[in-house]
Amino acid sequence: MQYAQIVLPLNLKGSFTYKVPEEIMPEIQVGMRVLVPFGGKKIYTGIVFELHDNAPENFVAKEVISILDDKPIVPKEQINFWNWLSDYYLCGLGEIYRFAFPSSLKLESETYLKLKPNITVDFENLDVNEMYLIQALEVRQLINLTDIEAFIPKKDIIKTINSLIDLQYIEIDEKIAEKYKAKEVAYVKINDEVLQRQNLTEILLSLKRAQKQKDLFLHILEKQTENPDLHIKKSELFEDGYFGSSHFKSLADKNFVEEYYMQKDRIESYDGEIEEIEELSEAQKLAKAEVDEAFEERKNVLLHGVTSSGKTHIYLEKIGECIQEGKNVLFLLPEISLTKQITQRLEKKYGKNIGFYHQKLTDFERVEVWRRIKQNDIKILIGTRNALFLPYQNLGLIVVDEEHDSAYRPREVSPYFNAKDAALVLGNFYKANVILGSATPSVESYYNARKEKMKYIFLEERFGNVNLPEYELINFKEAQDSKKVSGNFSLQLIDEIKKTLDEKNQAIVLHNRRGYANVIECETCGYVNYCSNCDVVMTYHKAANEMKCHYCGQRASKPKTCPKCYSENLNERGVGVEQIHEEVSKLFPDNEVDRMDVDSMRKKFAYEKLYEKIEDRETDIVVGTQMISKGLDFDHIELVAIPKADSMLYVQDFRAEERAYQLITQVSGRAGRVSGKGKILIQTFNPDHSVFQLIKMNNPAKIYKYILTERQKFHYPPFTKLIMIELKHRKEDKVNRASQFLGSVLRKYLPGDCVLGPEKAQIARLNNLYQFQIMLKLPKGKKYEEYKKLVLLSLKEFEEITAYQSIKKDVFVDF
DNA sequence: AGCACGCCGACT
DNA sequence: GTCGGCGTGCTC
């Protein structure tokens with residue numbers, strides 16, 4: 001094999017052909033990282049995707065500089081997976097590579113060189129550059145490529161390095177990968193000798209003029225005596241802001257306390273007692289038997305379990321079995337932060353063999369997990385969508401929890417793939433079983449499971465025979481007509497909340513819109529406050545007293561007078577969660593009302609603090625956006641109120657009804673988890689709307705049937721396949737022309753009714769880029785593959801127009 | 001994606 | 001006269 005197809009971490013499609021030098025031919029394998037020159041002066045870490053003997057015809061292939069791994073770092077299952085992703089989602093392999101790898105595993109100019117040990121350099125036969133480099137390396141043992149730029153002309157760097165490697169004088173430093181030692185965490189304890197030397201009174205006396213130091217000392221002492229085996233993290237001391245590091249330092253200087261370090265993963269893994277999982281209920285046993293049966297037939301599973309039906313128990317059972325068989329498990333979550341329960345349970349049972357992988361890890365930590373997965377040191381990996389790309393050795397089970405969650409398919413980061421669908425494919429490549437689980441499965445998954453593409457398993461009762469919450473619809477129009485309202489709340493709703501609070505229970509108020517008011521409008525001239533970067537109105541945030549653009553994040557101060565006509569008649573329109581929070585606070589002045597949305601949770605530990613407040617029942621009412629639908633599993637929440645439920649439905653999106661159903665059901669799952677007396681109040685102008693009526697009936701099969709009928713009627717997924725192409729550019733007329741052109745090309749190849757648009761995007765300008773969209777509605781099945789090839793052809797034709805190359809193009813498959 | 005090349009406006 | 005703006009083209 002003389003040539004290799006190498007994928008580079010660039011947003012370029014396909015792979016590049018390189019020549020394999022003879023010395024490394026015996027070692028090179030698909031899935032290894034290699035160093036290759038690219039362009040005039042760049043060196044990249046690429047991945048070998050294919051080895052072959054076909055010499056390129058139109059260009060001269062450059063040579064691979066060196067191999068970085070002694071074994072493939074990307075297993076063949078992942079190679080297949082990457083190829084599938086690239087094919088299915090029409091994205092470049094380079095994009096996938098960039099997304100999949102922690103950046104330190106694809107170092108470019110950070111690559112280090114060193115002299116080979118025990119060599120004698122024959123300076124006579126070196127050129128100037130080669131001599132410079134050798135001399136530099138004699139002074140400093142390690143040099144990276146950026147440093148080399150200082151004394152060798154850019155264009156000669158690669159040539160110089162290559163020839164010195166050929167001469168066996170220098171080599172690529174292999175320590176790069178080993179540089180990442182386990183992170184150490186600081187812990188604190190009372191100095192062992194201090195209590196023998198002095199008695200407590202003396203110590204406290206000596207600290208009497210330093211109140212905080214005294215408090216801190218006592219705090220540590222108390223913790224330590226409480227449980228002598230517990231290690232006290234240094235960072236924990238400063239969490240609530242009362243103590244600062246200076247207080248600790250003073251104590252340490254006086255030798256009262258000391259700090260010590262331990263490796264993080266050694267301590268964070270649980271080594272307490274191992275708790276046995278409670279026995280499954282009859283319904284759960286039945287469901288588990290069905291899962292077994294499905295796996296037997298090599299079928300994947302959609303586990304549809306109503307809120308608190310104990311899907312987790314079933315996951316845990318299957319995870320246990322999988323590990324018994326000596327295989328590994330991937331447990332996918334939409335977000336890592338809101339998952340204490342399951343991770344705690346898994347940690348208790350499997351301790352050290354658990355790994356976490358998510359977007360919040362530092363690069364350091366990511367590489368650590370990579371290493372451990374590669375060494376098969378992790379049995380269960382809990383992670384978010386980027387965990388799909390770890391180099392698993394023998395994956396036996398993938399669980400996708402909350403499979404309907406939109407966090408599995410963020411719109412803003414490429415490559416644009418749906419982690420739920422990708423998990424099914426990855427499972428197939430690994431011959432692993434996949435369980436999708438949710439209380440409100442996505443319509444697509446539900447349909448596929450009903451179509452026997454997966455096994456559909458329904459857990460319809462809550463664990464421990466707790467009743468499901470009851471739904472009630474409040475006709476707001478009627479309440480308004482009979483003057484039984486106060487602001488956005490009907491008297492009935494207020495009454496019910498009051499009743500809940502009187503019984504010493506807690507209530508949740510859901511309003512899914514950030515900010516205080518949606519629009520600030522001038523009553524005199526009609527002026528509204530637009531974002532200067534985007535074609536959207538700015539939202540008024542009263543708490544922060546500023547205007548925010550929810551799309552580009554721009555902030556501005558709130559205008560006191562109309563900037564156009566200087567009138568002071570500024571009117572606030574459109575209710576946001578801040579305003580609902582304000583109203584509730586006024587309605588219940590004697591109760592503790594807290595707000596939970598991205599804006600109020602931005603501060604460090606804000607979420608943890610509020611979580612504890614609710615847990616300790618200091619909070620009576622939580623007002624929040626969709627954030628409150630996740631993770632708030634408390635025993636005393638009995639009421640969920642949705643004062644403006646209509647706002648969820650009238651969104652320009654064919655999934656609006658599905659989303660409304662999912663959000664309402666998810667948030668209702670917070671109520672009556674123990675008592676079984678949970679109540680959900682949906683206040684609406686349209687109590688007759690099918691979605692509300694169906695939610696009230698609490699019969700999921702009927703809702704899905706209704707939504708599916710609507711989707712079929714209007715030719716939406718899952719009955720068709722949607723591909724959305726979005727074009728963006730700074731100049732409006734340029735994108736407009738480009739999208740018209742692309743539209744006409746597409747229509748040339750595809751039937752007319754498949755191509756919709758181009759149209760201005762709903763947000764015509766975002767971050768100063770004008771956007772146009774073309775929607776493709778394609779039939780399913782064999783035709784789809786055929787049509788997709790034509791779409792690819794059209795895009796190619798479009799890309800050939802040089803004038804349109806500066807236009808940013810995003811393709812969303814399965815929009 | 002980066003980077004070089006090349007062609008036009010505002011400055012020593 | 002030159003520095004630097006960004007449109008265009010190319011990278012195995």
Side-chain angles (χ1 to χ4, degrees), chain A residues 1-22 24-25 28 30 32-68 82 86 90-103 105-111 144-146 148-150 152-159 161-162 412-416 727-735 737-738 741 767-770 795-811:
Chain A
M1 303 289 191
Q2 292 182 62
Y3 294 94
Q5 290 309 119
I6 310 286
V7 173
L8 299 174
L10 299 171
N11 204 353
L12 294 170
K13 60 169 142 207
S15 53
F16 293 84
T17 311
Y18 282 85
K19 201 162 162 16
V20 182
E22 223 149 290
I24 60 173
M25 244 185 250
I28 198 164
V30 168
M32 284 179 169
R33 290 177 304 153
V34 289
L35 237 39
V36 291
F38 188 75
K41 52 164 206 170
K42 274 253 165 191
I43 292 186
Y44 287 105
T45 308
I47 303 224
V48 184
F49 248 64
E50 209 190 313
L51 292 163
H52 58 84
D53 276 317
N54 315 322
E57 287 170 14
N58 310 321
F59 55 88
V60 185
K62 289 187 181 167
E63 282 199 359
V64 171
I65 300 174
S66 69
I67 308 183
L68 289 176
W82 290 23
S86 154
L90 307 174
C91 60
L93 284 168
E95 262 176 283
I96 299 170
Y97 173 29
R98 283 161 66 106
F99 183 81
F101 267 60
S103 41
L105 290 180
K106 42 178 202 257
L107 298 175
E108 320 155 13
S109 321
E110 290 296 304
T111 307
N144 76 20
L145 299 185
T146 332
I148 297 173
E149 282 181 17
I152 297 181
K154 284 185 178 180
K155 63 175 171 47
D156 294 335
I157 291 178
I158 289 160
K159 207 182 77 197
I161 294 173
N162 269 334
E412 39 287 313
V413 271
S414 81
Y416 308 107
L727 302 179
K728 301 179 190 180
H729 195 268
R730 278 185 305 114
K731 297 204 176 92
E732 188 174 9
D733 59 324
K734 191 161 180 171
V735 244
R737 264 182 287 128
F741 173 74
N767 257 324
N768 283 321
L769 296 177
Y770 288 90
L795 289 171
K796 224 186 207 156
E797 213 166 287
F798 176 79
E799 275 154 26
E800 272 162 20
I801 311 289
T802 51
Y804 295 152
Q805 265 168 16
S806 60
I807 286 174
K808 194 173 147 40
K809 179 177 90 253
D810 285 318
V811 182

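Here is the naming used below: chain letters follow the sequence lines, and residue numbers restart at 1 for every chain. Computed from a prediction, not measured in an experiment: that's the story for all the values here.
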Please state how far atom [atom1] in [X] lies from atom [atom2] in [N], giving the value in whole angstrom units.
X	N	atom1	atom2	value
A:Glu799	C:dG9	CD	P	14 Å
A:Lys19	C:dT11	NZ	C1'	20 Å
A:Lys13	C:dC10	NZ	P	16 Å
A:Ile96	B:dA1	CD1	P	15 Å
A:Leu10	C:dG9	CG	P	20 Å
A:Tyr44	B:dA1	OH	P	11 Å
A:Ile801	C:dT8	CD1	P	13 Å
A:Ile807	C:dG7	CD1	C1'	13 Å

**Asked** Reckon A:Tyr18 touches a base, only the sugar-phosphate, or nothing at all at heavy-atom distances under 4.0 Å?
**Response** sugar-phosphate

**Message:** Considering every strand and a 4.0 Å limit on heavy-atom distances, what is the contact class for A:Thr802: base, sugar-phosphate, or nothing?
**Reply:** sugar-phosphate

**Asked** Under 3.5 Å, side chain of A:Arg33 to main-chain N/O of A:Leu105, donor-acceptor pair present?
**Response**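 Yes: the side chain of A:Arg33 pairs with the backbone of A:Leu105.
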
**Item:** Residue-phosphate contact under 4.0 Å: A:Gln5 side-chain N/O, C:dC12 OP1/OP2
**Value:**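 For A:Gln5, the contact criterion (side-chain N or O under 4.0 Å from OP1 or OP2 of C:dC12) is not met.
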
**Asked** Does A:Tyr804 reach the side chain of A:Arg737, with side-chain heavy atoms less than 4.5 Å apart?
**Response** yes

**Message:** Assess whether a salt bridge exists between A:Glu799 and A:Lys809, defined as any Lys/Arg side-chain N lying under 4.0 Å from an Asp/Glu carboxylate O.
**Reply:** yes

**Prompt:** Does A:Lys19 count as lying over the ring of A:Tyr3, i.e. NZ or CZ under 6.0 Å from the six-ring centre, within 45 degrees of the axis?
**Reply:**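 Verdict for A:Tyr3: a cation-pi partner in A:Lys19.
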
Taking only the side-chain heavy atoms of [X] (C-beta and beyond), determine which of [options] contains the nearest atom.
X	options	answer
A:Lys731	B:dA1, C:dC12, C:dG7	C:dG7
A:Asn11	C:dG9, B:dA1, C:dC12	B:dA1
A:Leu12	C:dT11, C:dT8, C:dC12	C:dT11
A:Lys734	C:dC12, C:dT8, C:dC6	C:dT8

**Message:** Walk me through whether A:Glu50 and A:Ser15 qualify under side-chain hydrogen bond (donor to acceptor under 3.5 Å, both in side chains).
**Reply:** CA-CA 9 Å; A:Glu50 209 190 313; A:Ser15 53; 5.9 Å; no

